[in-house]
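In this chain, numbering begins with 1 at the start of the sequence shown.
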Amino acid sequence: IDPEKQYYLIHYPSNLVLATNSSTVIIQNPAGADNQKFRLIEVEGIKNLYNLQLSDGTSYIIRNGWRIQIGTDPSVDNARFVMELVDGDAGIIRFKEYQTGPGYLGTDGLTDDSGVYGNKGNAEKSWWLLQEVVEGELITIGLDNTIIKAEQFLAKAVIGDKLGNYPQKAVDALTTAIQAARDAKAAAAVQEDINSAMTTLNNAISTFQSSEIFLMAGYKYRIQGRKRGGFFDVVEGTAGQVANMTSGNVGEHFEFVQNEDGSFCLKNDGLNVGADYVMTASEIKWVIRYEATVNNIKYYNILQADDLTK
């Protein structure tokens, strides 16, 4: 790493880049803007300990508890990060807080303007890639990474009609999308072309992941929230969330009954989960969509079929 050069830090799970926004730090769509450029300056006498300097040459990323903010003093411990190698072949690194705890620089978010924090665990959400800033050169590492991920999904996919399998048409569609992304990269004239190709391929990956046969008729499932980890539980006719799973609690046992249009009814003890989470005899339809894979765990959105924003 050359302290005189600037770098983009690409968030590995989202392929968005580290950026500053006033006094805070976020991830953004790549734009080649100054607020997305950083110098990695090694602290003298301490190997692998770095200041992350902004492009203005005078400001630095600092920790304020779990918050990540902007400061001007590189000598304080909360302006220093231990850079660790995660995967040398893939070029994945992470930044650990120095002296004050075991937290890593990362984010739970996967979308533009998601906040970055200093207390994330040692997992994919804290992984970063580096690309040297070359003025006038497009930022393609995020698209390249997305293509690699798509190819990995294809390589692992088993075509069939059993649990965990994928339909042939889903494999064909993702194969076509990968080639389209390569073609778009080759023809790209501006950064927006690269970003658009990455978004399109990410959508194709989500569609492919959603096509996995992950629910089988006649089985019952628990539904666990991603952020807080609680489980859905039916109590007195209302589906709510409890902190911990309880063995033998039938209120946590849901059946996904698929309709002819591909939507599902979520049933518990013969009743359906309604739009207001009140159990009802009416057949309320829900759509299940793949959201993301984090730490090898797949997450899905459960959306109201008549309003996919809820």
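Residues W128 and H11 meet the side-chain proximity criterion, which asks for heavy atoms closer than 4.5 Å. Under the 4.5 Å side-chain criterion, counting only non-hydrogen atoms from C-beta, I302 is in contact with L266. In this structure, the side chains of D108 and K120 come closer than 4.5 Å at one or more pairs of heavy atoms. The side-chain heavy atoms of L174 and I178, taken from C-beta on, include a pair separated by under 4.5 Å. V116 places a side-chain heavy atom less than 4.5 Å from the side chain of L105. Residues P30 and N195 have side chains in contact (heavy-atom distance under 4.5 Å, counting atoms from C-beta outward). Two residues are said to be in side-chain contact when any heavy atoms from C-beta on lie closer than 4.5 Å; V278 and V273 fail this criterion. For the pair Q191 and N29, the minimum side-chain heavy-atom distance is 4.5 Å or more.
Using a 30° and 60° split on the angle between ring planes, Y277 and F232 fall in the tilted class, from 30° to 60°.
Judged by distance alone, the side chains of N268 and E252 never bring a donor and an acceptor atom under 3.5 Å apart. Checking Y299 against Q224 by side-chain atom types alone, no donor-acceptor pair falls below 3.5 Å. In this model, no donor atom of one side chain and acceptor atom of the other lie less than 3.5 Å apart for Q209 and Y300.
Put simply, the side chain of T72 never gets that close to the backbone of S59: no donor and acceptor are under 3.5 Å apart. Side chain of S263 to backbone of N259: no donor-acceptor contact under 3.5 angstrom is found. Panel note: side chain Q36, backbone A31; a donor-acceptor pair is recorded below 3.5 Å. Formation of a donor-acceptor pair under 3.5 Å by the Q241 side chain with backbone atoms of D233 is not found in this model. Not one N or O on the side chain of Q304 forms a donor-acceptor pair closer than 3.5 Å with the backbone of W286. No donor-acceptor distance shorter than 3.5 angstrom exists from the side chain of S196 to the backbone of E192, with no hydrogens or angles considered. Side chain of S55 to main chain of D34: a donor-acceptor pair is present (N/O by atom type, distance under 3.5 Å, no hydrogens or angles). Using a distance-only test at 3.5 Å, with no hydrogens or angles considered, a donor-acceptor pair links the side chain of N51 to the main chain of A79. With D193 contributing its side chain and V190 its backbone, the two residues share a donor-acceptor pair below 3.5 Å. A donor-acceptor pair is defined here as one N or O able to donate and one able to accept, closer than 3.5 Å; no such pair exists between the side chain of S282 and the backbone of I284.
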* Can you check side chain to side chain contact (heavy atoms under 4.5 Å, CB included) on F264 and V287, steps first, answer last? -> CA-CA 6 Å; F264 291 86; V287 173; over 6 Å; no

* Stepwise, does the side chain to side chain contact (heavy atoms under 4.5 Å, CB included) test hold for E212 with K298? -> CA-CA 11 Å; E212 178 189 358; K298 294 179 180 178; 2.5 Å; yes

* Go through the steps for N145 and N15 under the test side-chain hydrogen bond (donor to acceptor under 3.5 Å, both in side chains), then give the verdict. => CA-CA 7 Å; N145 186 40; N15 293 310; 2.7 Å; yes

* To do: Check the pair E135 / K37 against salt bridge (Lys or Arg N to Asp or Glu O under 4.0 Å), numbers first and verdict last.
  => CA-CA 11 Å; E135 296 302 330; K37 300 173 183 178; 3.0 Å; yes

* Walk me through it: do Y60 and Q53 pass the test side-chain hydrogen bond (donor to acceptor under 3.5 Å, both in side chains)? => CA-CA 4 Å; Y60 300 83; Q53 186 187 68; 3.0 Å; yes

* Between T207 and Y290, is a side chain to side chain contact (heavy atoms under 4.5 Å, CB included) present by the stated rule, with each step listed? -> CA-CA 7 Å; T207 299; Y290 168 81; over 6 Å; no

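Judged as a ring pair (Phe, Tyr, Trp, His ring centres under 6.0 Å), and not counting sequence neighbours, the contacts of Y221 are F256.
Looking at D87, N48, L130, L129 one by one, the single match for side chain to side chain contact (heavy atoms under 4.5 Å, CB included) with I93 turns out to be L130.
Applying the salt bridge (Lys or Arg N to Asp or Glu O under 4.0 Å) test to every pair with at least one member in residues 58-67, sequence neighbours left out, gives these pairs: R63-E97.
Annotation: F95 is not in aromatic contact with Y50 [ring centroid separation under 6.0 Å not met]. Checked against a 6.0 Å centroid threshold, the rings of W66 and Y117 count as neighbours.
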